[in-house]
*Asks:* 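Please read through the structure below; I'll follow up with questions.
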Amino acid sequence: MAYNTIQTRTEGRVGVITLNRPEALNALCDELTGELTEALAQFESDDDIGCVVLTGSKKSFAAGADIKELQGRNAVDLYLNDPFAKSWESVARFRKPILAAVSGYALGGGCEIAMMCDFIIASDTAKFGQPEINLGVMPGAGGTQRLPRAIGKAKAMDLCLTGRMMDAEEAERAGLVARIVPADELLEVALQAAETIASKSLVVAMQTKEAINRSYEMTLDEGIRWERRVFQSQFNLEDQKEGMAAFAEKRSPHFKHR
Ligand code: CAA
């Protein structure tokens, strides 16, 4: 599939989506988010894909919503068309595991899209921020909701109210980032992590992701009950039989994703 603003490829069972608008530091224009939505739908429906890596360039993961495109929009247009719900949230709605490999700027919508992924691996050059307040607006694609859940109220307030950026080390300390790696190794490390995930049972990986995401929506008691029911149901899977047999027989499991 040929796209204008992203590139896609597969490496074994891993799908890679690279944001590719270098002239605008990968600002998230409608065309880009539309293509991203389409690429995710393709990978979601492809049985041979077990995990996706979403990345940008060395200089910029994404510098936010396309300000030049947003500038001319009005409240009614945004409300009726609801572009963030329609296309951007396709990242959050993606059911298979998806990692963000972030180098350089992840600002505004760029930070929000990275937070919609299951976890972030950052290069030591990554910079995160929600600078929308400098533009006379606040974050509009989850920044005020996902950021405090990831890093706590104090730092989320600091970032959203001052518009300052935080570097990779601060982001890791705060819990936004799972790992930091040297910039030159970012894609390799992200691909290795994605390959590892894609080698597991896809059903179990998807249910694990869903269970962790449910922990943000449910009470602890309901969440634990829900987790236990899904765990119990996994004993219907061929992959559970294979995984436990492989352990007992001291060999690697060969999962069939069913
Ligand atoms: N939208 C549109 N174009 C952008 C852009 C954006 N978010 N970010 C950068 N660009 C463009 C610049 O306009 C510039 O284009 P021209 O060469 O045609 O002038 C090109 O990318 C390179 O940018 P800079 O010259 O500014 O590069 P820099 O290295 O000096 O600065 C930067 C980099 C600090 C990231 C700076 O570009 C910047 O502050 N960008 C805007 C960041 C921002 O405010 N993001 C939030 C957007 S709003 C949002 O995301 C709302 C939401 O919640 C959904």
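Counting begins at 1 with the first residue of the sequence. One-based numbering, in listed order, for ligands and for the atoms of each.
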*Asks:* Determine, for K209 against D118, whether the closest basic-nitrogen to carboxylate-oxygen distance falls under 4.0 angstrom.
*Replies:* yes

*Asks:* Tell me: protein heavy atom nearest atom 31 (O) of ligand 1, and distance?
*Replies:* Y105 OH, 4.3 Å

*Asks:* Yes or no on side-chain hydrogen bond (donor to acceptor under 3.5 Å, both in side chains) for T125 and S103, after CA distance, side-chain angles and deciding distance?
*Replies:* CA-CA 6 Å; T125 63; S103 183; 3.3 Å; yes

*Asks:* Check each atom of ligand 1 against the heavy atoms of E112 and keep those under 4.0 Å away; list them by number with element.
*Replies:* 52 (C), 53 (O), 54 (C)

*Asks:* Closer than 4.0 Å to some heavy atom of E23 - which atoms of ligand 1 meet that?
*Replies:* 15 (O), 20 (C), 21 (O)

*Asks:* Report yes or no: does a heavy atom of E69 sit under 4.0 Å from some atom of ligand 1?
*Replies:* no

*Asks:* For a quick test of reading the model, state the closest non-hydrogen atom pair linking F61 to G110 and the distance between them.
*Replies:* CE2-O, 3.4 Å

*Asks:* Which atoms from ligand 1 have a heavy atom of E132 less than 4.0 Å away?
*Replies:* 48 (S), 49 (C), 50 (O), 51 (C), 52 (C), 53 (O)

*Asks:* Is A24 in contact with ligand 1, taking contact as a heavy-atom separation below 4.0 Å?
*Replies:* yes

*Asks:* If you look only at pairs with a residue in residues 14-35, which of them pass as a salt bridge (Lys or Arg N to Asp or Glu O under 4.0 Å), with sequence neighbours excluded?
*Replies:* R21-E23, R21-D66, D30-R73

*Asks:* Charged N to carboxylate O below 4.0 Å: is that the case for K96 and E210?
*Replies:* no

*Asks:* Give the atoms of ligand 1, by number and element, whose distance to some non-hydrogen atom of G109 is under 4.0 Å.
*Replies:* 49 (C), 50 (O)

*Asks:* Starting from atom 37 (O) of ligand 1, which protein heavy atom do you reach first, and at what distance in Å?
*Replies:* L25 CD1, 3.7 Å

*Asks:* From atom 5 (C) of ligand 1, work out which of A62, G64, G143, A27 has a heavy atom at the shortest distance.
*Replies:* A27

*Asks:* Which bit of P131 gets closer than 4.0 Å to ligand 1, counting heavy atoms only: side chain, backbone, both or neither?
*Replies:* side chain

*Asks:* Within a distance under 4.0 Å of any heavy atom of K59, pick out the atoms of ligand 1 and give their elements.
*Replies:* 29 (O)

*Asks:* Donor-acceptor pairs under 3.5 Å, side chain of residues 219-230 to any protein atom, not counting sequence neighbours: which ones?
*Replies:*
residue: T219; atom: OG1; partner: E222; partner atom: N; Å: 3.1
residue: R229; atom: NH1; partner: Q232; partner atom: OE1; Å: 3.0

*Asks:* Please could you name the atoms of ligand 1 that G140 approaches to less than 4.0 Å, counting only its heavy atoms?
*Replies:* 52 (C), 53 (O)

*Asks:* Identify, by atom number and element, the atoms of ligand 1 in contact range of F84, meaning under 4.0 Å from any of its heavy atoms.
*Replies:* 54 (C)

